[in-house]
There are 2 protein chains.
Amino acid sequence: MSVPLEPTDQAIARELNANGRTSFTDLAERVGLSVSAVHQRVRRLEQRGVIKGYTARLDGEQIGLPLTALISLTPNDPAAPDDYPQRLEHIREIESCYSVAGDESYVLLVRVPSPAGLEDLLRRIRESAKVSTRTTVVLSTPFEGRPAAL
Amino acid sequence: MSVPLEPTDQAIARELNANGRTSFTDLAERVGLSVSAVHQRVRRLEQRGVIKGYTARLDGEQIGLPLTALISLTPNDPAAPDDYPQRLEHIREIESCYSVAGDESYVLLVRVPSPAGLEDLLRRIRESAKVSTRTTVVLSTPFEGRPAAL
DNA sequence: CTTGAAATCACATGGGA
DNA sequence: TCCCATGTGATTTCAAG
């Protein structure tokens with residue numbers, strides 16, 4: 001299950017993780033290979049799923065989603081089949097969904113425009129997944145989405 | 001604090017959030033502007049901090065960081081000045097740091113190679129920030145880093 | 001915002017260690 | 001298999017209106 005990444009591929013992955021728009025030309029210089037060699041490696045990393053995608057990180061405040069929260073889920077019926085992620089997938093306010101070890105079963109990271117938006121979101125989560133929720137409101141985000149510690 | 005984003009800028013931000021390597025040419029087609037107009041807008045969004053950066057999303061399993069955890073922090077000395085984020089910034093395993101409302105003060109999202117790596121990380125967090133920790137291990141990640149609900 | 005032109009880049013192909 | 005060199009068309013970027 002997953003060969004440890006070769007040093008060159010690791011360097012490429014690290015660079016693209018830190019700057020997702022680095023050109024192949026720059027990458028080639030940094031890892032000491034020709035542009036075409038790097039090009040091939042990046043495509044392979046994408047195919048293998050080492051690179052899952054590219055995204056611009058946006059400032060929640062400025063895009064109208066200033067309220068972030070962590071929501072922990074507990075199933076209402078512990079005997080029900082565990083298809084919670086599927087039941088929640090359609091809710092676009094949910095950015096991430098983690099299955100966790102602990103008192104609760106899942107933790108969601110969500111972004112909403114306002115307290116009213118959060119209230120409505122919680123209602124939809126409870127209805128869609130038949131869970132009870134415990135919400136931790138994020139007051140501020142000192143940092144987020146930093147480069148991986150490769 | 002933060003003028004609501006103009007529709008065209010919002011469309012650009014949404015597209016780059018969903019695909020961080022979309023070319024200016026593609027962006028221009030999608031939003032119905034010339035390439036250089038889009039170019040200027042993207043630069044402005046970057047300057048304003050609406051776009052905070054670009055990153056490749058990597059598969060933790062394949063890059064040697066298969067273990068994810070959420071760590072909640074409680075200050076040892078509640079009277080101490082609150083400079084925890086600064087004290088933790090140097091620890092590269094910490095991907096995100098949220099100041100939260102609730103029993104605890106902060107929640108960290110971390111990635112490590114192994115349980116031993118987690119143990120060592122917890123020790124460093126406690127020492128650096130003078131906090132006690134409560135750790136929630138992530139068992140699996142049904143989804144993560146989905147595009148913002150713009 | 002647009003046009004337009006120069007510099008740079010992406011990417012496919014073919015060939016060599 | 002992995003790498004490199006080269007060519008062509010696409011893209012980025014800047015200056016000017």
Side-chain angles (χ1 to χ4, degrees), chain A residues 1-59 61-64 145-148 150, chain B residues 1-66 113 145-148 150:
Chain A
M1 186 183 310
S2 89
V3 179
L5 221 50
E6 201 197 336
T8 306
D9 282 340
Q10 186 171 306
I12 292 174
R14 186 185 329 122
E15 177 57 35
L16 284 174
N17 180 237
N19 182 355
R21 280 183 86 92
T22 306
S23 71
F24 292 103
T25 309
D26 282 356
L27 276 177
E29 280 181 15
R30 289 180 206 227
V31 306
L33 281 182
S34 73
V35 174
S36 19
V38 168
H39 192 266
Q40 290 178 72
R41 278 170 182 267
V42 171
R43 292 288 170 259
R44 196 173 51 206
L45 289 170
E46 290 168 357
Q47 280 191 320
R48 280 202 232 158
V50 175
I51 295 175
K52 296 194 284 189
Y54 301 89
T55 120
R57 284 179 298 108
L58 304 180
D59 179 6
E61 308 277 338
Q62 295 193 64
I63 60 171
R146 298 201 304 180
L150 296 182
Chain B
M1 184 183 312
S2 90
V3 179
L5 221 51
E6 202 196 337
T8 305
D9 282 340
Q10 185 170 307
I12 291 173
R14 185 185 327 118
E15 178 56 35
L16 284 174
N17 180 238
N19 181 357
R21 282 183 84 93
T22 306
S23 71
F24 292 103
T25 309
D26 282 358
L27 277 177
E29 279 181 15
R30 286 178 209 228
V31 305
L33 281 182
S34 72
V35 172
S36 10
V38 168
H39 189 262
Q40 289 175 55
R41 277 171 183 266
V42 171
R43 292 287 170 257
R44 196 171 54 208
L45 290 170
E46 289 168 357
Q47 281 192 316
R48 278 202 239 160
V50 175
I51 295 175
K52 296 195 283 189
Y54 301 89
T55 115
R57 284 179 298 109
L58 304 181
D59 179 4
E61 308 278 339
Q62 296 193 65
I63 60 170
L65 299 172
R146 298 201 303 179
L150 296 182

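Protein chains get the first letters and strands the later ones, always in sequence-line order, with residue 1 at the start of each. Because only heavy atoms are used, hydrogens play no part in the values below, and waters and symmetry mates are left out as well, while side chains stay in. From a predicted model like this one, the values you see are computed outputs, not experimental measurements.
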Chemist: Hey, does the side chain of Arg21(B) reach the backbone of Thr22(A) with a donor-acceptor pair shorter than 3.5 angstrom?
Modeler: yes
Chemist: Provide the closest heavy-atom pair for Val50(B) versus Gln62(A) in the form atom of the first, atom of the second, distance.
Modeler: CG2-OE1, 3.2 Å
Chemist: Within a strict 4.5 Å, meaning less than it, do heavy atoms of the Leu27(B) and Val35(B) side chains meet?
Modeler: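 They are not in side-chain contact.
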Chemist: Roughly how far, to the nearest 0.5 Å, is CG of Leu16(B) from OG1 of Thr55(A)?
Modeler: 9.0 Å
Chemist: Do any pairs count as a ring-ring contact (aromatic ring centres under 6.0 Å, His included) and have a residue in residues 8-31 of chain A, sequence neighbours left out, and if so which ones?
Modeler: Phe24(A)-His39(A)
Chemist: Give the residues of residues 15-35 of chain B touching DNA chain C, defined as any heavy atom closer than 4.0 Å, sorted by residue number.
Modeler: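 Those residues are Ser34(B).
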Chemist: Kindly give the heavy-atom pair with the smallest separation between Val31(B) and Ala11(B), and that separation in Å.
Modeler: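 In terms of heavy atoms, the two residues are closest at CG1-CB, 3.9 Å.
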Chemist: At their closest point, which heavy atom of Ile63(B) faces which heavy atom of Ala148(A), and how far apart are they?
Modeler: CD1-CB, 4.2 Å
Chemist: Could you tell me the boundaries of the chain B footprint on DNA chain D, defined by atoms under 4.0 Å from its heavy atoms?
Modeler: dT11(D) to dC14(D)
Chemist: For the residue pair Ile51(A) and Asp59(B), establish whether any side-chain heavy-atom pair is separated by less than 4.5 Å.
Modeler: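 No, every pair of side-chain atoms sits at 4.5 Å or beyond.
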Chemist: Return the minimal non-hydrogen interatomic distance between Gly20(B) and Tyr54(B), and the atom names on each side.
Modeler: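 Closest approach of Gly20(B) to Tyr54(B): O-CD2, 3.7 Å.
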Chemist: Could you go through Val38(B) and Thr25(B), starting from their C-alpha distance and side-chain angles, then the distance that decides it, and tell me whether this counts as side chain to side chain contact (heavy atoms under 4.5 Å, CB included)?
Modeler: CA-CA 9 Å; Val38(B) 168; Thr25(B) 309; over 6 Å; no
Chemist: Report yes if some heavy atom in the side chain of Leu58(B) is under 4.5 Å from a heavy atom in the side chain of Lys52(A); otherwise report no.
Modeler: no
Chemist: Give every residue pair that meets the salt bridge (charged side-chain N to carboxylate O under 4.0 Å, His left out) criterion with at least one member in residues 4-19 of chain B, sequence neighbours excluded.
Modeler: Glu6(B)-Arg41(B), Asp9(B)-Arg41(B), Asp9(B)-Arg44(B), Asp9(B)-Arg48(B), Glu15(B)-Arg30(B)
Chemist: Sugar-phosphate means primed atoms, P, OP1 and OP2; the rest is base. With that split, encode nucleotides 12-17 of chain C 5' to 3' as B, S or - using protein heavy atoms under 4.0 Å.
Modeler: ------
Chemist: Any residue in residues 44-55 of chain B with a heavy atom nearer than 4.0 angstrom to DNA chain C? Just list them by number, or reply none.
Modeler: none
